[in-house]
Amino acid sequence: MIERLNFIQQRIADDLTAGRNCGLVHTRFPPEPNGYLHIGHAKSICLNFGLARKFSGVCNLRFDDTNPSKEEVEYVDSIKEDVKWLGFDWGENEFFASDYFSRLYDYAIQLIEAGKAYVCDLTPVEIREYRGSLQEPGRNSPYRERSVAENLDLFTRMRSGEFADGSRVLRAKIDMASGNINLRDPVIYRIAHVKHHRTGDKWCIYPMYDFAHGLSDAIEGITHSICTLEFQDHRPLYDWFIEQLETPVKPQQIEFARLNLSFTVMSKRKLMQLVDENLVSGWNDPRLPTLSGLRRRGYTPAAIRNFCERIGVAKRNSMVDVALLEHAIREDLNQRAARYMAVLRPLKVVIENYPEGRIEELEAVNNPEDESMGRRRVPFARELYVEQDDFMEDAPKKFFRLTPGREVRLRYAYYIRCQRVEKDEQGVVTTVYCTYDPATRGGSSPDGRKVKSTLHWVAVKTAIPAEVRLYDRLFSDPEPAAEKDGEPFSKKINPDSLNVLENCQLEPALASVSAKQAVQFERLGYFILDEQDSRRDKPVFNRTVTLRDNWAKKSGARRAQPEKK
RNA sequence: AGGGGCGUCGUCAAGCGGUAAGACACAGGUUUUUGGUGCCUGCAUGCGUAGGUUCGAAUCCUACCGCCCCUGCCA
């Protein structure tokens with residue numbers, strides 16, 4: 001099989017054959033610790049660490065913490081936890097841009113000495129005015145021609161805390177007439193008397209992204225600096241700093257398109273808004289595309305990595321169908337999840353010809369995809385719960401489940417036939433009375449008689465009550481962030497994104513599962529114990545994803561589908 | 001006086017002058033003690049449009065068209 005390289009792998013392979021970077025590949029994942037990681041970051045993590053792995057290189061974890069007013073240790077910790085959980089190990093290579101503040105300051109001094117940077121006293125508003133527009137060139141700042149000595153003096157005093165926030169900045173002296181606005185004398189240092197989560201009060205000036213990022217790359221010996229498309233316009237600036245200064249290496253920036261996923265939002269700002277406005281329960285709400293949310297939802301690292309592998313890496317803006325993510329988790333969990341029986345909306349079944357008080361232990365397969373996962377025993381008795389959806393008094397032709405007169409199989413147990421029903425005053429069926437065929441123990445009949453369907457069930461007497469949270473897509477709009485109809489994304493939350501079922505009944509074996517391992521509730525979907533909200537006497541399970549369901553599809557009850565264009 | 005990118009199936013995405021991979025989705029069939037899984041089949045005479053070069057063009061050239069990003073002391 002021919003291995004397909006994406007365009008970044010190809011570039012690196014070319015660099016290697018050309019003998020560039022001494023044959024080394026060194027990447028980095030550079031999050032700003034101002035929010036939680038989401039699946040878009042997972043794409044970047046898989047890419048950067050994957051590149052290092054593929055080309056026998058190294059990938060650093062570097063926190064881009066140059067703006068202390070937005071950054072917190074809480075985020076640093078969660079980011080580390082998430083990267084580790086995803087399955088990547090940065091070893092000793094954990095760095096912070098703030099580790100380089102002194103060296104970056106020295107670089108700034110060098111720039112000033114070379115006449116390539118100056119202290120500017122324009123106000124923020126004036127700087128914007130002088131910058132010009134997309135159509136018009138900018139004008140030179142009146143402070144542009146200050147002497148090196150004066151710049152040195154002023155910048156030193158900026159550092160020592162002599163000036164107020166916003167009163168002065170250090171700017172690179174490049175070209176106020178450039179078509180690329182990033183080159184119109186960009187600000188490289190600003191004054192901010194703000195405590196930094198790592199350096200404390202040591203600094204009151206902080207470098208800007210464009211200055212800090214590329215030079216941090218250079219300091220770390222990064223060979224390939226992978227970032228997203230919106231930074232393409234910054235590349236000339238990235239290169240400019242590295243050209244002006246003596247750096248250990250000359251990294252190259254390569255941009256790729258960030259991930260967009262249908263039926264969700266990905267920007268930190270929007271995720272933050274959902275959390276702040278309590279539209280979700282927190283950063284780890286299982287409906288969010290955050291890694292902590294996906295983890296709580298029951299997504300596995302392997303499924304997410306596999307998803308990132310399948311979506312590819314390219315430069316065109318795209319919208320990946322969330323169905324692909326769902327496919328990835330089903331594929332993984334089908335192999336590894338142990339099967340259990342759980343009844344979410346219980347309907348009582350009484351087997352009239354089954355002995356009162358008798359309990360049998362029936363053998364069940366834990367995972368038909370993996371014999372090594374063994375078998376277990378499931379208690380069976382005269383009174384059972386089955387799913388309300390599995391019974392219909394007046395059933396259409398294609399309904400294969402329980403209906404008066406029809407015989408069905410109870411999984412691993414017996415064939416039963418519905419004889420009659422009992423209803424309350426409203427006419428709602430409260431109990432279904434059946435008879436069973438003792439000869440069908442285990443679920444097959446000696447005479448080879450076929451049944452149309454197999455139902456899951458739980459014996460009333462041994463059932464464990466539980467809460468189950470049925471999660472679905474957070475938004476009903478496939479592209480909520482686009483706000484095409486003028487409606488804000490926050491108004492497009494899918495009313496069925498969370499459905500809490502309080503009165504679920506589980507088979508007893510489910511009492512001993514942990515949140516480490518997702519399970520399948522047969523015929524329903526994949527679920528995981530919610531560690532945060534479960535109590536000993538009342539476990540809580542979260543639905544990761546439903547099983548594919550052709551019956552539901554055909555019978556109409558469908559959730560929102562992508563609109564046809 | 002504008003600059004930088006990108007257009008290949010419903011959605012992603014290969015393709016690098018030799019006659020349109022693959023995945024998801026979708027539609028059929030088959031197996032099945034999960035209406036699950038597995039297996040089989042179908043799904044771009046077409047590559048934003050129009051010209052041109054060539055024996056041959058999604059790939060090269062030209063011109064159009066469309067979409068995205070850029071005027072933070074954010075990253």
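Here is how names work: the chains are called A, B, and so on, in the same order as the sequence lines, proteins then strands, and each is numbered from 1. For clarity, every value in this text was computed on a predicted model and none was experimentally measured.
Between the base of B:rG36 and the side chain of A:Glu369 there is a donor-acceptor pair shorter than 3.5 Å. You won't find any donor-acceptor pair under 3.5 Å spanning the side chain of A:Arg548 and the base of B:rU37, going by distance alone. Side-chain N/O atoms of A:Arg401 and base N/O atoms of B:rG35 include a donor-acceptor pair closer than 3.5 Å. Side-chain atoms of A:Asn180 stay outside donor-acceptor range of the base of B:rG4, with no qualifying N/O pair under 3.5 Å.
For B:rC6, the OP1/OP2 oxygens have no side-chain nitrogen or oxygen of A:Arg258 closer than 4.0 Å.
A heavy-atom distance below 4.0 Å to RNA chain B is reached by these residues of residues 129-144 of chain A, ordered by number: A:Arg131, A:Gly132, A:Ser133, A:Leu134, A:Gln135, A:Pro137.
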**Item:** Sugar-phosphate or base contact per nucleotide [nucleotides 12-17 of chain B; S, B, -; heavy atom under 4.0 Å]
**Value:** SBSSB-

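Applying the side-chain contact (heavy atoms from CB on, under 4.5 Å) rule to A:Cys227 yields the partners A:Phe231, A:Gln253, A:Glu255; only residues at least two apart in sequence or on another chain are considered. The side-chain contact (heavy atoms from CB on, under 4.5 Å) search around A:Pro236 returns A:Asn180, A:Leu183, not counting sequence neighbours. Remark: A:Thr66 engages no residue in a side chain to side chain donor-acceptor pair (under 3.5 Å) (not counting sequence neighbours).
The side chain of A:Glu522 approaches B:rU34 more closely than any other nucleotide in the set B:rG36, B:rC73, B:rU34.
Under the salt bridge (Lys or Arg N to Asp or Glu O under 4.0 Å) criterion, the residue pairs touching residues 184-194 of chain A are A:Arg144-A:Asp185, with sequence neighbours excluded.
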